Amino acid sequence: MTTNLLIKTDVEFKSYDEVFYHLADTFIEQGIVKESYKEAIFAREAEFPTGIALEQNHAVAIPHCDVSHALKPAIYVIRPNKAVQFNRPDEDGIVDAELIIALVVTDPKEQLVLLRKLFGKLQENEFVETLINATDANLPNLIKQNLQL
């Protein structure tokens with residue numbers, strides 16, 4: 001099954017709540033998730049925060065929820081103009097996420113494979129720097145090539 005790739009740049013969010021409303025509205029509108037996604041993404045974030053500190057003072061958030069809310073697989077990469085604060089899963093701190101990479105998967109096994117692949121690439125500082133600095137036109141190919149979509 002083909003993974004839908006969505007990309008948004010040049011956008012500002014005041015909080016991760018605004019990000020989640022945007023994600024839910026976009027995914028629902030495009031038939032990628034069920035209506036239940038909106039509540040599920042907030043519930044999952046409350047229990048398992050998704051902000052991750054990376055090397056070189058970078059941070060990313062990888063919001064996702066259970067496959068039962070998905071209709072079609074998708075990756076939505078958002079590069080906001082200003083970092084968005086997300087809670088960290090490993091401690092009580094927060095990170096300023098420069099990238100938000102929302103995942104929607106329809107198969108739990110695929111979710112693990114995609115998460116491993118994504119985490120592996122995010123450990124490469126050069127890849128993160130490239131994502132942050134790439135032109136809007138280059139982002140889709142960069143993501144497809146590196147995540148093998």
Side-chain angles (χ1 to χ4, degrees), residues 1-125 127-129 131-132 134 139-140 142-144 146-149:
M1 185 176 269
T2 304
T3 299
N4 293 283
L5 177 61
L6 296 88
I7 296 175
K8 183 128 182 113
T9 60
D10 195 28
V11 63
E12 290 193 24
F13 299 101
K14 292 181 180 131
S15 66
Y16 72 80
D17 285 1
E18 283 189 5
V19 173
F20 287 176
Y21 283 119
H22 172 76
L23 290 174
D25 292 344
T26 301
F27 286 151
I28 290 167
E29 181 181 296
Q30 296 203 14
I32 292 170
V33 298
K34 300 174 185 174
E35 289 282 339
S36 60
Y37 175 86
K38 189 176 285 187
E39 185 177 322
I41 197 78
F42 278 100
R44 187 185 186 294
E45 187 73 17
E47 193 170 339
F48 302 106
T50 58
I52 300 166
L54 302 172
E55 297 292 320
Q56 304 297 323
N57 297 316
H58 292 301
V60 64
I62 307 176
H64 57 285
C65 63
D66 190 74
V67 298
S68 64
H69 307 284
L71 297 171
K72 296 188 260 185
I75 296 176
Y76 191 177
V77 178
I78 300 174
R79 190 176 60 193
N81 293 336
K82 190 175 98 185
V84 180
Q85 291 189 333
F86 278 80
N87 293 315
R88 295 174 60 137
D90 55 353
E91 58 184 67
D92 290 333
I94 57 170
V95 296
D96 292 325
E98 298 163 275
L99 294 168
I100 301 156
I101 304 172
L103 304 178
V104 177
V105 293
T106 54
D107 177 341
K109 290 177 190 157
E110 287 177 23
Q111 184 170 8
L112 285 174
V113 169
L114 183 57
L115 280 170
R116 280 193 199 113
K117 202 181 299 181
L118 181 58
F119 281 124
K121 293 306 293 182
L122 291 173
Q123 297 305 311
E124 299 172 19
N125 191 56
F127 174 69
V128 175
E129 290 280 345
L131 279 180
I132 290 169
L139 270 174
L142 183 65
I143 293 161
K144 286 176 185 175
N146 282 279
L147 297 182
Q148 297 152 354
L149 298 179

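Side chains are part of it too, since the values below use all heavy atoms of this structure and drop only hydrogens, waters and symmetry mates. What you see is a predicted model, and the numbers here were worked out from it, not measured in a lab.
In this structure, Asn57 places its CG atom where only 12 or fewer heavy-atom neighbours from other residues, nucleotides or ligands lie under 6.0 Å away.
Of all heavy-atom pairs spanning Ala74 and Leu6, the tightest one is CB-CD1, 4.2 Å. Closest non-hydrogen pair, Ala97 versus Pro80, comes out as O-CG, 4.3 Å. In terms of heavy-atom proximity, Ser15 sits nearest to Val84 at C-CG1, 3.7 Å. Pairing each heavy atom of Leu54 with each of Leu122, the nearest pair is CD2-O, 3.7 Å.
Residues forming a side-chain contact (heavy atoms from CB on, under 4.5 Å) with Ala43 (at least two apart in sequence, or on another chain): none. Partners of Glu55 according to the side-chain contact (heavy atoms from CB on, under 4.5 Å) rule, which considers only residues two or more places apart in sequence or in another chain, are Asn125. Residues meeting the salt bridge (charged side-chain N to carboxylate O under 4.0 Å, His left out) test with Glu129, sequence neighbours left out: none. Checked against side-chain contact (heavy atoms from CB on, under 4.5 Å), Lys121 has the following partners two or more places apart in sequence or in another chain: Glu124, Phe127, Asn146, Leu147. Under the rule for a side-chain contact (heavy atoms from CB on, under 4.5 Å), the partners of Asp107 that lie at least two apart in sequence or sit in another chain are Lys109, Glu110.
The stretch residues 4-14 participates, sequence neighbours left out, in no salt bridge (charged side-chain N to carboxylate O under 4.0 Å, His left out) pair at all.
Side chain of Arg88 to main chain of Ala53: no donor-acceptor pair is present (N/O by atom type, distance under 3.5 Å, no hydrogens or angles).
Rounded to the nearest 0.5 angstrom, Tyr16 OH and Asn87 CG are separated by 5.0 Å. Atom CG of Leu139 is separated from atom NZ of Lys144 by 11.5 Å, given to the nearest 0.5 angstrom. In this structure, CD1 in Ile52 is found 10.5 Å from CZ in Phe86, a value given to the nearest 0.5 Å. Rounding to the nearest 0.5 Å gives a distance of 10.0 Å between CD1 of Ile75 and CD1 of Ile7. Between atom CD1 of residue Ile41 and atom OG1 of residue Thr50 there is a gap of 7.0 Å, rounded to the nearest 0.5 Å.
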N/O donor-acceptor pairs under 3.5 Å from side chains in residues 19-31, not counting sequence neighbours:
unit_1: His22; atom_1: NE2; unit_2: Tyr76; atom_2: OH; d: 2.6
unit_1: Asp25; atom_1: OD1; unit_2: Lys38; atom_2: NZ; d: 3.0
unit_1: Thr26; atom_1: OG1; unit_2: His22; atom_2: O; d: 2.8

Table please: side-chain donor-acceptor pairs of residues 60-69 below 3.5 Å, with sequence neighbours left out.
unit_1: His64; atom_1: ND1; unit_2: Ile62; atom_2: O; d: 2.8
unit_1: His64; atom_1: NE2; unit_2: Arg44; atom_2: NH2; d: 3.3
unit_1: Asp66; atom_1: OD2; unit_2: Ser68; atom_2: N; d: 3.0
unit_1: Asp66; atom_1: OD2; unit_2: Ser68; atom_2: OG; d: 2.7
unit_1: His69; atom_1: ND1; unit_2: Ser36; atom_2: OG; d: 2.7

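Between Leu71 and Val104 there is no side-chain heavy-atom pair separated by less than 4.5 Å.
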